[in-house]
Amino acid sequence: MSRRYDASEIEPKWQRRWADEGLYRASDDPRDERPRFYALDMFPYPSGDLHMGHAEAFSGGDAVARYQSMRGYNVLHPIGWDAFGLNAENAAIKRGTPPAEWTYANIEQQAASFDRFGMSFDWSRRVQTCDPTYYRWTQWLFLRLFERGLAYRKNAPVNWCPSDQTVLANEQVIAGACERCGAMVERRALTQWFFKITDYAQRLLDDVDLLTDWPDRVMTMQRNWIGRSEGAEVTFTIEETGEEIPVFTTRPDTLWGVTFFVFSVEHPAVRRLAESGGTWDEVAPLVAKAAATSLVEREAADTREGVALGVHAVNPVNGERVPCFAAPYVLTGYGTGAIMAVPAHDQRDFEFARAHDLPVCVVIQPEDAIEVDPEAMTEAMAHEGVMVNSGPFDGEPSPASIAKVTAWLEAEGRGKAAVNFRLRDWLISRQRYWGAPIPIVHCPACGEVAVPDDQLPVLLPEDVDFQPGGESPLARHPSWKDVSCPNCGGDAVRDTDTMDTFVDSSWYFFRYCSPGYEDGPFRREDIDRWMPASQYTGGVEHAILHLLYCRFFTKALYDMGMVGFVEPFPKLMNQGQVIYGGASMSKTKGNIVEPMPIVERWGADTMRLIMLFAGPFEDDIDWKLIETEQGRRPGAHSWLGRVFTAVGDAAGSETEEPEELVRLTHRTIAGVTDDMERFRFNTAISKLMVLTNEMRTVLDAGGGAAGAARALVLLLAPLAPFAAEELWREVLGERASVHMSDWPTFDAALAAEDTVTMVIQVDGKVRDKVEVPSGISDEEALALARASEGAARILAGRQVAKEIVRAPRLVNLVT
RNA sequence: GCCGGGAUGGCGGAAUCGGCAGACGCGCGGGUCUCAAAAACCCGUGAGCGAGAGCUCGUGAGGGUUCGAUCCCCUCUCCCGGCACCA
């Protein structure tokens, strides 16, 4: 019995029945003895309907969840929304729609689309970070960090638009100007909240080693971001004022090559020193210019720019006095904000020295050169060599000498070994409305006071003005911020900043384990049951920040005794991005492709197969290169049609299956199982296509294919869940869902080949092929090769000098 | 500049351990069916030479190791991603 494949009839039907049957509920029943599998997908941001990137990511994540379920696991596959953020507020400003309304409308649309895609989510655990029942606990977690000194306030610059009178995100600064009004963006210092992630820098670095199933590239990015460097801290003394200025260097072996000293423009000592040196008139404009530069632009300073301070720094290793400068190429946030400059061996220092006509002193002599003329140098030297002009260390090979110099500095009391991290503390304050309010009250008498736990959540008010101007929306609200101090009862004000949305997304995977729990963010026993997550799937764009913040939160919770492990996601899979014509899809480029039209025209299964078959899951997909011409039938859809006819024909046939098809079936089960374990969906699908083609051939020749059909439908289930269910229940007549069925097992004996094709080469070139028994001996293989016609033709008149025999695959006769 | 990843037919890709390069699909060409078209189905499809058997070339370029290299090593070119004056 053949059945025409019609997705529009099949898919809505099963979508309803799966919901009715409660198929995808994870079981918390302690009597459930199945092993557990937590299939975690990065939750989406509700900025509109689902896009092609979601289609790719969730097709893969859902395949994993369904596969593991068929493998016998009790699968937790939850979904939620990362629902606070800038976009909702921008929409509010533009259209006057309240952020909540815009956000919840988008969530509902995305939820409906996910449902239409047939995602196997356990909807009962749905999480939305903008719900008070969620952000109550975001605030609660903030307070736990605050109690431990891991949340603190300090001054930090923000991007400030002088025309709109508002704070801008880096993203809103386009070429130094405000994206809304075009005014040049300035910097403004505000007191803001930070999480002390730097306290965890070493552990975050060390524990990368525990992430055994992360892609290498992501582990490397994490390590580089943390950026540990070892070196020395050395203190220089300002000759004129006696002030002591520490610097960090990774190259203490170049200390004797210091010819000048540079402060970052924002360094607190700059004004004092310039005034003392009588150069403040020249330095002030540079400081003012830096202050007026946006954060983004500030990072790209010219190496040649800088002004002398008119004072000198004394080098503690040799007592030499060198001139001091202020220059924007020295960064405030890294090291101590001041550097010892070694132009001979650092390129940036070299460029600055040339621009300001400063001496260059070579202290690492390359071993192959007799003498280097500093005047003739065109760039800094970064080679290994021997220390020269370095007092007690002349003749020491560098960089091996770094440890010796450091030890000497410590022994002499002129410096000490030091470790510096590139990682900075996490700035979490946002001067915005649509986020979780920071649960702190500022009291003139008591200072920063935590909102008591039983008063959480600090709710967002609804009657708020979103138009930009002066202060953040919460600060402008007439009454919201006015409270009495929880400590002394006096008049006090709420903190009017909200938290970075990365805070919300740093713990949502814990909440999935204890949905609706009211006595804490989660229940320890639920976490012990499901975490660490078995598999985390999501985009590589989150390879650094999101993952680092989740790791930090988990370690902090571990230290509080709230969880029993230090890494939340030991296994990570990053899918590639979906791009168009070599460029990422975006509204401004007008190249956005949405999955819904494809789903409506051809079905969700076809959409999934297109995405998963396009290439390796971790590679980018360029939609322009794989899209099917308008109106034409996608290949994936045609294949599903062939699967329907083949399975239908096989189901109606009582004929015995040929041995060849049984063998291919078992080889396919083995191959697809292996592919699913490694997220190689593209090769899994190709193997299923091969099996379909072979079934067709066998059926057309009058043979049976019932066993192959059963296996094909089971193997197809995680990849095209609707089609597989229709075939399983309606065509093959099974009662229970294919998605609750057991993954097929293969019989190695049945999968084994009796004969293989043996290649006969002469001098490494294929000259003949013969079918041989797979158990053929080396002697028999060689005899066959020598008897081969193809080989003999080439060998005529030549002597075989060597025989390479790799029975049963290959014989190579070398002349 | 640094770090990471790549480069295979007209296109997406496959080759899991150094052993038949191009699986599977798309596209294209031819055919069956049809009044015709679409759909479906069948055959063909790396390049060159050849009537054919077959031969030669071929995995970014050049070199090396090896009986044998898409795979290992060296040099180079180009592309993509990430981070960038990180001392």
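Chain A is the first sequence line, chain B the second, and so forth, proteins listed ahead of strands; every chain is numbered from 1. Side chains are part of it too, since the values below use all heavy atoms of this structure and drop only hydrogens, waters and symmetry mates.
- The one candidate from Leu204(A), Ile197(A), Thr198(A) that meets the side chain to side chain contact (heavy atoms under 4.5 Å, CB included) condition with Ile226(A) is Leu204(A).
- Considering only side-chain N and O atoms, Asn682(A) lies under 4.0 angstrom from the phosphate OP1 or OP2 of A14(B).
- At a threshold of 4.0 angstrom between heavy atoms, the contacts of Arg228(A) with the nucleic acid are absent.
- Nucleic acid contact class of Asp674(A) (heavy atoms, under 4.0 Å, all strands): base.
- Rounded to whole Å, the distance from NZ on Lys687(A) to P on G25(B) is 14 Å.
- Asn420(A) and Ser229(A) share no side-chain donor-acceptor pair at under 3.5 Å.
- Note on Asn224(A): only backbone sugar-phosphate atoms sit closer than 4.0 angstrom, heavy atoms only; bases stay farther off.
- Lys769(A) has no side-chain polar atom (N or O) that falls below the 4.0 Å cut-off from OP1 or OP2 of C20(B).
- Comparing C79(B) with G31(B), their C1' atoms sit 42 Å apart, to the nearest whole Å.
- Using modelled atom types, one side-chain atom of Asn574(A) and one backbone atom of Gly538(A) make a donor-acceptor pair closer than 3.5 Å.
- Note on Arg348(A): a side-chain N or O is less than 4.0 Å away from OP1 or OP2 of C86(B).
- The residue Gly790(A) sits apart from the nucleic acid: no heavy atom pair falls under 4.0 Å.
- Among the nucleotides C86(B), G19(B), C24(B), the one closest to any side-chain atom of Arg806(A) is G19(B).
- Here the side chain of His267(A) pairs a donor or acceptor atom with the backbone of Ala269(A) at under 3.5 angstrom.
- In this structure, the side chain of Asn315(A) engages the main chain of Leu255(A) through a donor-acceptor pair within 3.5 Å.
- As judged by a 4.0 angstrom heavy-atom cut-off over every strand, Gly227(A) is placed among residues making no nucleic acid contact.
- Distance Glu618(A) CD to G13(B) C1': 13 Å, rounded to the nearest Å.
- Residue-level contact check: Trp225(A) touches the backbone only, with heavy atoms under 4.0 Å from sugar-phosphate atoms and none from bases.
- Regarding contacts with the backbone of C83(B), every side-chain N or O of Arg223(A) stays at 4.0 angstrom or more from both OP1 and OP2.
- Taking 4.0 angstrom as the limit, Asn693(A) places a side-chain polar atom (N or O) nearer than this to OP1 or OP2 of G25(B).
- At a threshold of 4.0 angstrom between heavy atoms, the contacts of Gln761(A) include nucleobase atoms, whether or not backbone atoms are also involved.
- Side-chain proximity of Phe613(A) to G12(B), C20(B), A15(B): nearest is G12(B).
- Closest contact between the side chain of Ile544(A) and the listed nucleotides G82(B), C11(B), A23(B) involves G82(B).
- Between Lys765(A) and C57(B) there is a side-chain N or O to OP1 or OP2 distance below 4.0 Å.
- At the heavy-atom level, Pro634(A) lies nowhere under 4.0 Å from the strands shown.
- In G27(B) the base sits anti relative to the sugar, since the glycosidic angle is further than 90° from 0.
- Without hydrogens or angle criteria, Ser777(A) side chain to Glu780(A) main chain gives a donor-acceptor distance under 3.5 Å.
- Taking the syn range as angles within 90° of 0, the glycosidic angle of C26(B) is outside it, so the base is anti.
- Note on Arg767(A): every side-chain N or O is 4.0 Å or more away from OP1 and OP2 of G54(B).
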**Complete:** Counting primed atoms, P, OP1 and OP2 as sugar-phosphate and everything else as base, the B/S/- map of nucleotides 37-53 of chain B against protein heavy atoms under 4.0 Å is --SSS------------
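- Ranking A84(B), G12(B), A87(B) by closeness to the Arg422(A) side chain, first place goes to A84(B).
- Among the atoms of the strands shown, base atoms are found under 4.0 Å from some heavy atom of Ile804(A).
- Following rounding to the nearest Å, Gln575(A) (CD) and G5(B) (P) show an atom-to-atom distance of 20 Å.
- Atom pair Asp346(A):CG and C2(B):C1' shows a separation of 14 Å (rounding to whole Å applied).
- Atom CH2 in Trp639(A) sits roughly 10 Å away from atom P in G25(B) (whole-Å rounding).
- There is a side-chain donor-acceptor pair under 3.5 Å between Thr755(A) and Glu771(A).
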**Request:** Encode nucleotides 29-34 of chain B as B, S and - characters from 5' to 3', where the letter depends on protein heavy atoms closer than 4.0 Å: B to the base, S only to sugar-phosphate, - to neither.
**Result:** ------
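- Nucleic acid contact class of Leu810(A) (heavy atoms, under 4.0 Å, all strands): base.
- Side-chain contact between Thr668(A) and Val690(A) is absent, with no heavy atoms from C-beta onward closer than 4.5 Å.
- Where RNA chain B pairs in unbroken runs of 3 or more (Watson-Crick or G-U, both distances under 3.5 Å), the stems are B:1-7 with B:77-83, B:10-12 with B:24-26, B:27-32 with B:40-45, B:46-49 with B:54-57, B:60-64 with B:72-76.
- Below 30°, between 30° and 60°, or above 60°: for His356(A) and Phe325(A) the angle between ring planes is above 60°, a perpendicular geometry.
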